[in-house]
Amino acid sequence: MVDVRALAESFLAFPLKVVFAAGKLDLLDAVMAQIDLNRRLDDSRRAIADGHGILADATCFAALRDRALRQVSRSSGPVQPVAVLFAPSVDAALVALVDQFDTDSVSALLDFLESIQPRLVDSLGMLPEAEPVFQGRVRLLPIEG
């Protein structure tokens, strides 16, 4: 069993290590998933090296967002108005983030803070029925990370 754990520790990427350690994948499935991941990474690196990379800038993400909005509008109608409510713990985490942020990077902090509310409103407005009912017509969308 020690040899199996040593193999997992040396070969598996962190997310797969976590899944393996939790017993959600056996070693063979975890190793096969890692081999597939390695193959996709090699393919991606080769494509980028060959000049086929896509610049992940604001234009790229705006195009993806527009595409998603077109998909949603076809299936569920227009974007619905929403209000975002933060749980007290989320508010406290944001306050702590502001209090602990490096003052040399204040512009990055302001950009981040200014992007949170529109991103949440846009996400919830596009798919208002996608999340589970929390209370009455209120839906709960946990945000992690």
Side-chain angles (χ1 to χ4, degrees), residues 1-80 82-98 100-102 104-105 107-135 137-145:
M1 191 62 161
V2 172
D3 291 339
V4 170
R5 297 228 179 267
L7 175 63
E9 185 63 33
S10 66
F11 184 68
L12 299 176
F14 179 75
L16 287 171
K17 286 180 189 177
V18 171
V19 172
F20 172 70
K24 295 179 182 177
L25 282 178
D26 63 28
L27 180 62
L28 182 58
D29 290 335
V31 168
M32 293 306 294
Q34 183 66 55
I35 289 169
D36 182 57
L37 176 63
N38 291 352
R39 181 194 51 76
R40 288 184 288 137
L41 285 170
D42 287 344
D43 291 348
S44 296
R45 288 181 181 128
R46 194 171 18 264
I48 290 170
D50 291 343
H52 300 291
I54 297 164
L55 181 62
D57 61 2
T59 303
C60 172
F61 283 96
L64 291 171
R65 184 178 181 284
D66 290 344
R67 183 182 180 97
L69 284 171
R70 284 192 306 275
Q71 295 285 32
V72 170
S73 66
R74 282 187 221 138
S75 63
S76 67
V79 174
Q80 298 183 20
V82 297
V84 175
L85 303 174
F86 283 145
S89 61
V90 174
D91 182 56
L94 289 170
V95 169
L97 174 72
V98 169
Q100 296 176 7
F101 209 83
D102 183 8
D104 294 336
S105 303
S107 64
L109 173 63
L110 293 174
D111 289 344
F112 170 74
L113 291 173
E114 289 173 5
S115 72
I116 292 174
Q117 194 265 350
R119 284 174 35 208
L120 290 174
V121 168
D122 288 348
S123 297
L124 293 171
M126 284 189 294
L127 299 169
E129 304 299 318
E131 299 303 323
V133 173
F134 174 65
Q135 193 176 45
R137 291 184 44 95
V138 174
R139 295 189 176 265
L140 178 65
L141 173 65
I143 304 292
E144 296 180 21

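This chain uses plain numbering: 1 for the first residue, then up along the sequence.
- With respect to Asp36 and Arg39, a salt bridge is recorded, a charged nitrogen being found less than 4.0 Å from a carboxylate O.
- The structure places CG of Leu37 at 10.0 Å from CG of Leu12, a figure rounded to the nearest 0.5 Å.
- Atom CD of Gln34 sits about 8.0 Å away from atom CG of Leu41, to the nearest 0.5 Å.
- Contact between Ile35 and Phe11 at its shortest, heavy atoms only, is CG1-CZ, 4.0 Å.
- The shortest heavy-atom contact between Leu16 and Ala30 is CD1-O, 3.9 Å.
- In this structure, Asp50 contributes its side chain and His52 its backbone to no donor-acceptor pair below 3.5 Å.
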Could you go through Arg40 and Asp43, starting from their C-alpha distance and side-chain angles, then the distance that decides it, and tell me whether this counts as salt bridge (charged side-chain N to carboxylate O under 4.0 Å, His left out)? CA-CA 5 Å; Arg40 288 184 288 137; Asp43 291 348; over 6 Å; no
